[in-house]
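Not measured: the values here are computed from a predicted model. When reading the values below, keep in mind they use all heavy atoms of this one structure, side chains included, and skip hydrogens, waters and symmetry mates.
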Amino acid sequence: MEIGFNVAETLETRIAAVASEMEEFDETFAPDVRPADPRFGDFQANGVLPFAKKQGLNPRALADKLVGRLDGGAWSGVEVSVAGPGFINFTLRPPALLDWLLTYRGENDLKNGASDLYQGKKLVVDYSSPNTAKQMHVAHIRSMVLGEAISRLFEFSGAQVVRDNHIGDWGTQYGKLIHAYKHYLDAEALKSDPLEELERVYKKCDNLCKEDPSVLDSARAELVKLQRGDPENRTLWEEINRISESAFEAIYEELGIRFDTHLGESFYRDKVGEVYAELRRHGIAQESEGALVVFHPEHPRFKKQPFIIRKSDGASNYASTDLATVLYRVREWKAEKIIYVTDGRQQDHFQQLFLTVRKWFASTGRPVPELDHVWFGTILGEDGKAIKTRSGNPIKLKDLLAEAEQRARSIVEEKNPGLPAEEKDDIARAIGIGAVRYADLAQNRTSDYVFSWDKVLSFEGNTAPYLLYAVARIHSIFGRMGESAEIDESSATPFETGQEQQLARKLLTLPEILKMTLGDLRPHFLCTYLYELAGDFSGFYNADKVLVDDAGVKARRILLCRRTLLVLEEGLRLLGIRTLKRM
RNA sequence: GCGGCAGUAGCUCAACCGGACAGAGCAGCGGUUUUCUAAACCGCUGGUUGGGGGUUCAAGUCCCUCCUGCCGCGCCA
C-alpha cells in the first residue's frame, strides 16, 4: 500500500474501498480514522461501531470480517488489529515510518501535501480592524495573532488569501476628534507621541462635552462639516488617520503582520445606498421607529431583536458598512469564504449579518460565500477579571510587548550571559514576543484565559520558550557536526528504540492536525501538537545519542532531528513565531 | 426575562462530528549530568469532569432540570 501525505486519509480511503466490496456495508459507512492513543497504535478506525449498531450487527464480528479482507501484501507496512467492542487499530511498522519520512523531506513537500486541503479557494480574512485615534490595548492582540495564524495556515494549505484590515475610520468619534484637534492640541506632544496626544485631547473633549453643551454642539457641527466634504476637516480626518496608521504599523511590524488591503469603513460610505435599496426591494429590510432594520421571523430571538442597518437620522452604522463590505468582497475579489476574527461579544451582530447576507444574496442571485465568525474570549488578569493595570486602565499593547522583551532579556542574561549583547537583544525579542503570542494561540480561543508572566515565559509546559529551546537544541547538534551533517539519508536504518518510534509516529500525524486546525479554525490544536512533538523530541534526545559511530543509526537519528526541526520551525512560522538558532 | 459562552486535579489548561483506564504543565515528593544546550529528562502523589435525572454497547462530550460566573439583547464598533 502506498502511504500518502495524510496517513489517516489514506487508511480511510482504503478501508472504504474494501468495505464497498462487502455486502454487509453500504455507502453510509464512514471508517472514521483518527490518530490513536499510543497504547493502541498510530491510528484507529471507530466507524464500525456505530454502523454495526445501526444495522443490528455484532460490531466485533463485523470489524473482524473487515480486517480479514485487509490482509495481504498491500498492507504489509501496517499492522492491523481489532480490539474491544470493534475498534480497528493500525500501527505502522518502522520501515513504513521511515518511508514516509524519506518521502516528505522539506518545506515544499509539506506545503504540496497540505495544499490539497484548500487548493485555489479564494478567501478573505478580516482581522485586527482597530478604530482610529485609539491606542491598541491588550484586548486587540487576539484578533491580530489569531487572524495572522489563520491566514498563514490557509495560504500554506493552498488558498488564495486576502488579508483585509477593516479599520474603523468613519464614525461619530470624528466630531469630537476634530473639535479637540482644533482647540486643545499641544504641538510638542503631538510631535513626540502623536497617538498619545490624540487620545489625550479626545478624552478631554469627551469630558468637556458632558459639562458644556456648547462644546458638544461644536463637535456635532464638525462631524456634519466632515460628512459634507469640508476641505479643512477632510484634511484633519486624513491627518488623524495617518497618525493612527503609523502607530498601528509599528505594532504590526513588531508582530510580523502585513495586510494585503486596509479598506476601512470610510471606503464603503458611498456604497451603502445600494444595500438599503436592494434589501428594501426584496422585502428583507423594513422601516421601524425611523430606522431601517432587518428582522428574521424564523429566528427565535432575531424575530424581535432588530439588525439596524440605517440609523433614524439617516446615518450608516457598522451593520451598513459590513453589508456593503461583503458585497464588495464577493463582487471584486470573488471571495468564496470570509472569516471575521473578533471578540465574542459581537456574536449577535455577525449572526444577524450572516442571516441577512444569505437572504440578500439568494434573492439577488449572487453566489453566497461561506461566512465564519472566529470569535474569542477575554484575556484575564491573575485575579480572574479582565486584565488591567494597577490603576484600573487598559494595558497598552506596546507596553505589554516592551515588558515581554524586557523580561525575556533578563532571563537570557541569566541563562546565557556569554552571548554578544546584540544577539541577546534579538533573542529577547523573539522569546518575549513569541511567548505572548503563543500564550494566546495555545488556548482554546472560545475560552477566556488567565494571563500570567510566569506562565507565558516559563520554559516548562506548553510555552513558546519550551518550543524555541527544542529548536535551538536541534540546531546545536547540526552546528556541532559542521560539514559532516551532509549525511546520506538513504543509509538510515529503521527505527528501533521506543523514543525513535514515538517521535517518528508523531511526525506522521502533522497532516491530520493541520486539517483539524483549519476545519475548526482553532490554532490551539496545532500548538498542542507542536508541544507534544517537542516533548517527544526531548525524550528522544535524552535517551538516544544522535552522534554515534554506527552510520545507519546515526543517519536515522539525524533524519529524525531534521524532520523534527522542519515541522517545529514550519509550525511555529505558521503561527507567526520566529525561531532561533541558539538561545 | 431571552440568548451565547463557560464550570474538568490545590492552580493554569487539554481531551478532534459520543469511543478504550479523563491527559499535560505548575505546585508537592523522589531520581538523572566525565555524553549532542540540565532553559532538559524520568518516576510518584493528586479526579464522583458544578449538582441531579435521562438516552446509549459506550457520556466530560447528547437531552431535561437546577446552581454559579462572564458576556450580549434598538440606533457604539
Side-chain angles (χ1 to χ4, degrees), chain A residues 30 32 34-37 39-40 44 46 49-50 52-53 59-60 83-87 89 129-131 168 171-173 265 288-293 300-302 304-313 315 317-319 321-322 342-349 351 375 377-378 380 382 384-386 411-412 414-416 431 442-444 446-452 454-455 458-463 465-466 468-470 472-481 512-513 515-517 519-520 522 524-525 527-528 531-532 535 538-543 545-548 557 561 582-583:
Chain A
D32 186 21
R34 59 180 77 183
D37 186 312
R39 283 179 303 211
F40 307 119
Q44 57 176 294
N46 295 346
L49 286 118
K53 178 184 167 57
R60 174 76 198 211
F87 299 108
N89 292 324
S129 307
N131 285 331
T172 43
Q173 78 269 29
E265 285 167 1
S288 171
E289 298 177 26
L292 189 61
V293 307
R301 204 152 30 95
F302 301 141
K304 293 230 164 158
Q305 187 177 319
F307 188 50
I308 298 169
I309 64 172
R310 198 193 58 204
K311 299 195 278 184
S312 52
D313 65 1
N317 63 4
Y318 76 135
T321 49
D322 275 0
T342 83
D343 195 279
R345 285 175 297 194
Q346 294 183 45
Q347 285 178 87
D348 279 359
H349 168 74
Q351 280 183 30
W375 61 270
T378 310
L380 307 174
E382 294 187 68
K385 295 183 178 168
I411 295 170
V412 174
E414 178 197 331
K415 302 288 184 187
N416 216 341
I431 293 178
Q443 312 287 330
N444 187 348
T446 52
S447 308
D448 295 347
Y449 78 94
V450 176
F451 184 93
S452 116
D454 287 346
K455 202 176 69 177
S458 169
F459 288 80
E460 291 155 345
N462 189 7
T463 66
Y466 179 81
L468 293 174
Y469 180 61
R473 279 173 130 185
I474 302 174
H475 275 297
S476 170
I477 293 171
F478 293 134
R480 192 164 285 265
M481 289 176 69
E512 191 61 17
I513 299 297
K515 188 178 169 188
M516 267 173 59
T517 302
D520 260 22
R522 291 186 197 270
H524 83 279
F525 290 156
C527 294
T528 303
Y531 171 56
E532 288 170 359
S538 291
F540 156 76
Y541 178 91
N542 210 261
K545 189 164 165 59
V546 175
L547 304 178
V548 293
R557 290 184 180 168
C561 289
R582 60 177 183 173
M583 61 188 271

*Counting Watson-Crick and G-U wobble pairs only, both distances under 3.5 Å, name the nucleotide matched with B:rU56, or none.*
none

*With both distances under 3.5 Å as the test, what is the Watson-Crick or G-U wobble partner of B:rU32?*
B:rA40

*Heavy-atom distance under 4.5 Å between the side chains of A:S538 and A:Y466, does that happen here?*
yes

*What does B:rG72 pair with, Watson-Crick or G-U, if both distances are under 3.5 Å?*
B:rC2

*Any strand is fair game: report the nucleotide pairing with B:rA9 by Watson-Crick or G-U wobble, both distances under 3.5 Å, or none.*
none

*Under 4.0 angstrom, heavy atoms only, what part of the nucleic acid is A:P300 near: base, sugar-phosphate, or nothing?*
nothing

*Over how many whole Å does the gap from A:D448 atom CG to B:rU12 atom C1' extend?*
14 Å

*asked:* Less than 6.0 angstrom separating the ring centers of A:F307 and A:F302, yes or no?
replied: no

*If only side-chain N and O atoms of A:Y466 are considered, is one of them under 4.0 Å from the OP1 or OP2 phosphate oxygen of B:rA38?*
no

*Ignoring the backbone of A:S447, work out which of B:rA40, B:rA14, B:rC75 is nearest its side chain.*
B:rA14

*Min side-chain heavy-atom separation A:I411-A:I431 under 4.5 Å*: no

*With a 3.5 Å cut-off and just heavy-atom distances, do the side chain of A:Y469 and the base of B:rA39 make a donor-acceptor pair?*
no

*For B:rU48, which nucleotide in any strand shown is its Watson-Crick or wobble partner with both distances under 3.5 Å?*
none

_From CG (A:L468) to CZ (A:R473), nearest 0.5 Å_ = 13.5 Å

_Side chain to side chain, A:V546 and A:F540, heavy atoms closer than 4.5 Å_ = yes

*What's the closest nucleotide to the A:R34 side chain, out of B:rG19, B:rC70, B:rG4?*
B:rG19

_Any side-chain donor near an acceptor of the partner, A:Q173 and A:N131, under 3.5 Å_ = no

Atom pairs under 3.5 Å, N or O on each side, protein against nucleotides 21-28 of chain B: can you list them with distances?
{"unit_1": "B:rA24", "atom_1": "O2'", "unit_2": "A:Y531", "atom_2": "OH", "d": "3.1"}

*Using a 4.0 Å heavy-atom cut-off across all strands, classify A:V450 as base, sugar-phosphate, or nothing.*
sugar-phosphate

*Kindly indicate whether the side chain of A:S129, heavy atoms from C-beta on, has any atom under 4.5 Å from the side chain of A:T342.*
no

*Which nucleotide in the set B:rC73, B:rG19, B:rU37 lies at the smallest distance from any side-chain heavy atom of A:R473?*
B:rU37

*asked:* With a 3.5 Å cut-off and heavy atoms only, can you find an N or O donor on one side and an acceptor on the other between the side chain of A:N89 and the base of B:rA20?
replied: yes

*Within this structure, what is the CZ-to-P distance between A:F478 and B:rC36, rounded to whole angstrom?*
16 Å

*Base paired to B:rA22 (Watson-Crick or G-U; both N/O distances under 3.5 angstrom)*: none

_On the side chain of A:S288, is there an atom forming a donor-acceptor pair with the base of B:rG74 - under 3.5 Å, no angle test?_
yes

*Can you tell me how far C1' of B:rC57 sits from CG of A:N46, to the nearest Å?*
14 Å

*A:H349 side chain near A:D322 side chain, heavy-atom distance below 4.5 Å*: yes

*Side chain of A:H524 - closest among B:rG72, B:rG19, B:rA15*: B:rA15

*Would you check, one step at a time, whether the test side-chain hydrogen bond (donor to acceptor under 3.5 Å, both in side chains) holds for A:T378 with A:R345?*
CA-CA 10 Å; A:T378 310; A:R345 285 175 297 194; 5.8 Å; no

_Nearest listed nucleotide, side chain of A:T446, among B:rA6, B:rA20, B:rA38_ = B:rA6

_d(CZ, A:R301; C1', B:rG4) in whole Å_ = 7 Å

*Figure out the CZ/C1' separation between A:F307 and B:rG72, and round it to whole Å.*
15 Å

*Just compare B:rA39, B:rA77, B:rC16 and give me whichever is closest to any side-chain atom of A:M583.*
B:rA39

*Answer with base, sugar-phosphate or nothing: what part of the nucleic acid does A:Q346 contact at a heavy-atom distance below 4.0 Å?*
base

_Under 3.5 Å donor-acceptor pair, A:S538 side-chain atoms to B:rC41 base atoms_ = no

*Proximity to the side chain of A:K53 - top-ranked nucleotide from B:rU56, B:rU37, B:rA77*: B:rU56

*Could you tell me the separation between the CG atom of A:N542 and the C1' atom of B:rA39, rounded to a whole number of Å?*
14 Å

*Sort out the partner of B:rA14 for me: Watson-Crick or G-U wobble, both distances under 3.5 Å, none otherwise.*
none

*Nearest of B:rA39, B:rA77, B:rC13 to any side-chain atom of A:F459?*
B:rA39

*What is the distance from NZ of A:K415 to P of B:rA39, rounded to the nearest Å?*
6 Å

*Base, sugar-phosphate, or nothing: which does A:E289 touch, judged by heavy atoms less than 4.0 Å apart?*
base

*So what does A:A83 touch, heavy atoms closer than 4.0 Å: a base, only the sugar-phosphate, or nothing?*
base

*Which of the following nucleotides, B:rC36, B:rC16, B:rG74, is nearest to the side chain of A:Y541?*
B:rC36

*Between B:rA20, B:rA77, B:rC36, which nucleotide has the shortest distance from any of its atoms to the side chain of A:F87?*
B:rA20

*So do the side chains of A:W375 and A:Q346 get within less than 4.5 Å of each other, counting heavy atoms only?*
no

*What integer distance in Å separates A:W375:CH2 from B:rG72:C1'?*
12 Å

